[in-house]
Peer 1: 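Got a structure here, written out as C-alpha cells. Questions coming.
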Amino acid sequence: MEHMPSAAEMLGWIETVVGQGIRRPGYPADAWTEQWLAERLSGFGLEVSLEPVEVRRWQPGTGLLRLDDGTSWTGLPLPFTAPARSLRGRIARLADARPGDIVVDELTFTELPQSFVRTLATSAYDPEGSFDTLVQTIPFGPRMMEVVEPALAAGAAGFVGALTGLPWDTRDYYVPYDAIERPIPGLWLSGTDARRLLARLPCEGELIAESTLDTVTTHNVVATLPGASPHTVIVASHHDAPWASAVEDASGLALVLATARHWARVPARERPHNLTFLLTSGHMAHAAGTRAFIDRHRPELANVVLQLHLEHAALRCEAVDGKLVPTTDPEVRWWFTTRAPQLEKLVATTLEAEDLRRSFVLPPDVFSPMPPTDGAFFHPEGVPLVHFLSAPMYLFDSADTIDKVDVAGLEPLARAAVRIVAGTAGWTPAELRVAP
Ligand SMILES: [Zn+2]
C-alpha cells in the first residue's frame, strides 16, 4: 500500500485538528475543522460537499457549589442540563434526599473483564493472551448517559455528580451527550472535592451551573470517489468532540483521511465500489450528523455494501497517584460487525494480517440495541457495517491529549480499513444484509 500516509503524517493531521481548541458541536474549532477536512479531501482529488446539520449548541459557563460555611468548589456543568444562576437549598446524598434538595450522587466507572467479553465475541485476535486477565475500565457508570435520572426520580431541584469512583482526579466528564435537555441544573465535581463535600452532608448551600443553549447549522463533510460497481462503501468518523480531543475523534479523522488518500491514488477500476467518505457533525449531540445523513440519503442506503466507521486509535492508560499515564499497549479494540459470515471472516483475517492485537469481533447489538458508535443509527436501517471503536476511560475528558494516541496503531489501522474495503470486491448489499 504505497499510497498510505505514514504515522507521522497522520499524527500531524491529528495535531493540527487538536490545535484548534475545543470542537464541541457548533464551536468555532469544529467549524474550522469542517473546512479543513473539505480542503484536504478535495486536495486528494475527491468530490466534496458540505451537507448542513442543525445541532443544539450547548456552552457551559460558571460551575460552582458554595456551602453556607463559605467552602466552595468549581465544577463542570453537566451537558444539556438546565442553567441556574443560583439555586439555594439543602444539599444531601441521594439516599437521604427530600424533594426539592440538591442531590449528590457518586459515579463509579464500570470494570469490564475481557474474559467475559470473550464469551460474547464472534472471534478475538489476542496473540499475547491478554484477555485472560485484562480488565478494562470503560468511560461510563452502570447507567451510561442516565446519570441524572435517579435524582430526578427523587424530586431533586439540582444534581451534583461526585466523580469519586474514577481512577484519576477530574471534573471534566462530558456526559451525558444525548442532547436530552434535563430539567434541573447539574454539576460534576472531582473525586477529591466531592469527598470533602460528602463529609459535610447534609448541609445548606448554593449551586451555580451556568450555560447557554441555541441551535446552529454545522456540516457533514461528504466526499466521493467513483468505483467499479454500482454499489457504495461508506467510510466514516466524526469531526466534533467533547474537548480539544486527540483520540476522540481526531484519530478517527486521520484514519478516514488516510483511507481516502489511498483510494484516491488508485485507478477507479481498482476501487471495488463507489466510495463515500463521511465525516459527521454532532456526535456529541446524539449523533446528529449520522441521523441527518441517513434522513437525507435513505433511498440510497439499499445500495450500500458496507458502512465502515473508524473511531479511536487509543493507548490504554493506567492511573498513577491520581493521574493518567499512557502505557505502550492499545486500548481493547472492538470491531462491531454485522453477522454476515463472509464479513466476519474478512474482519478476522484483516486483524491477523495487520497484527491488530487486543481486538474483538463483536455482534453490533452485543452491548445495546445499537453499537455504541457514532454510526449506530445505520444499524437499525439494516446497512451492513463494521464499526471499529475503542473506549478508553479518558474518552470524554480533557485528558484526551496527543500523548494518548496509539501512534503505532495508526498505519495498521488505516491499512486494515483499506483491506476491509478491498475485501468487499464483488459483494452485493443483498448478500450481506441480515435482519436487524
Ligand atoms: Zn468517536
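Whatever order the structure lists them in is the order used to number ligands and atoms, beginning at 1. From a predicted model like this one, the values you see are computed outputs, not experimental measurements.
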Peer 1: Between Asp397 and Tyr174 (side chain of the first, backbone of the second, donor and acceptor by atom type, cut-off under 3.5 Å), is there such a pair?
Peer 2: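 Side chain of Asp397 to backbone of Tyr174: no pair is present.
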Peer 1: Check this for me: does any side-chain nitrogen of one of Arg24 and Asp240 sit under 4.0 Å from a carboxylate oxygen of the other?
Peer 2: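 So Arg24 does not pair with Asp240 through a salt bridge.
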Peer 1: What angle sits at the Zn ion (ligand 1) between OE1 of Glu311 and OE1 of Glu248, to 10°?
Peer 2: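 If I round to 10°, I get 160°.
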Peer 1: Determine whether the aromatic ring centres of residues Trp334 and Phe367 are separated by less than 6.0 angstrom.
Peer 2: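 Yes.
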Peer 1: Centre-to-centre under 6.0 Å for Tyr177 and His283, is that the case here?
Peer 2: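 Ring centroids of Tyr177 and His283 are less than 6.0 Å from each other.
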Peer 1: Quick one: report the N, O or S atom of His312 that is nearest to the Zn ion (ligand 1).
Peer 2: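 Going by distance to the Zn ion (ligand 1), the closest N, O or S atom in His312 is NE2.
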Peer 1: Can you name the N, O or S atom of Asp249 that is closest to the Zn ion (ligand 1)?
Peer 2: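 Answer by atom name: OD2.
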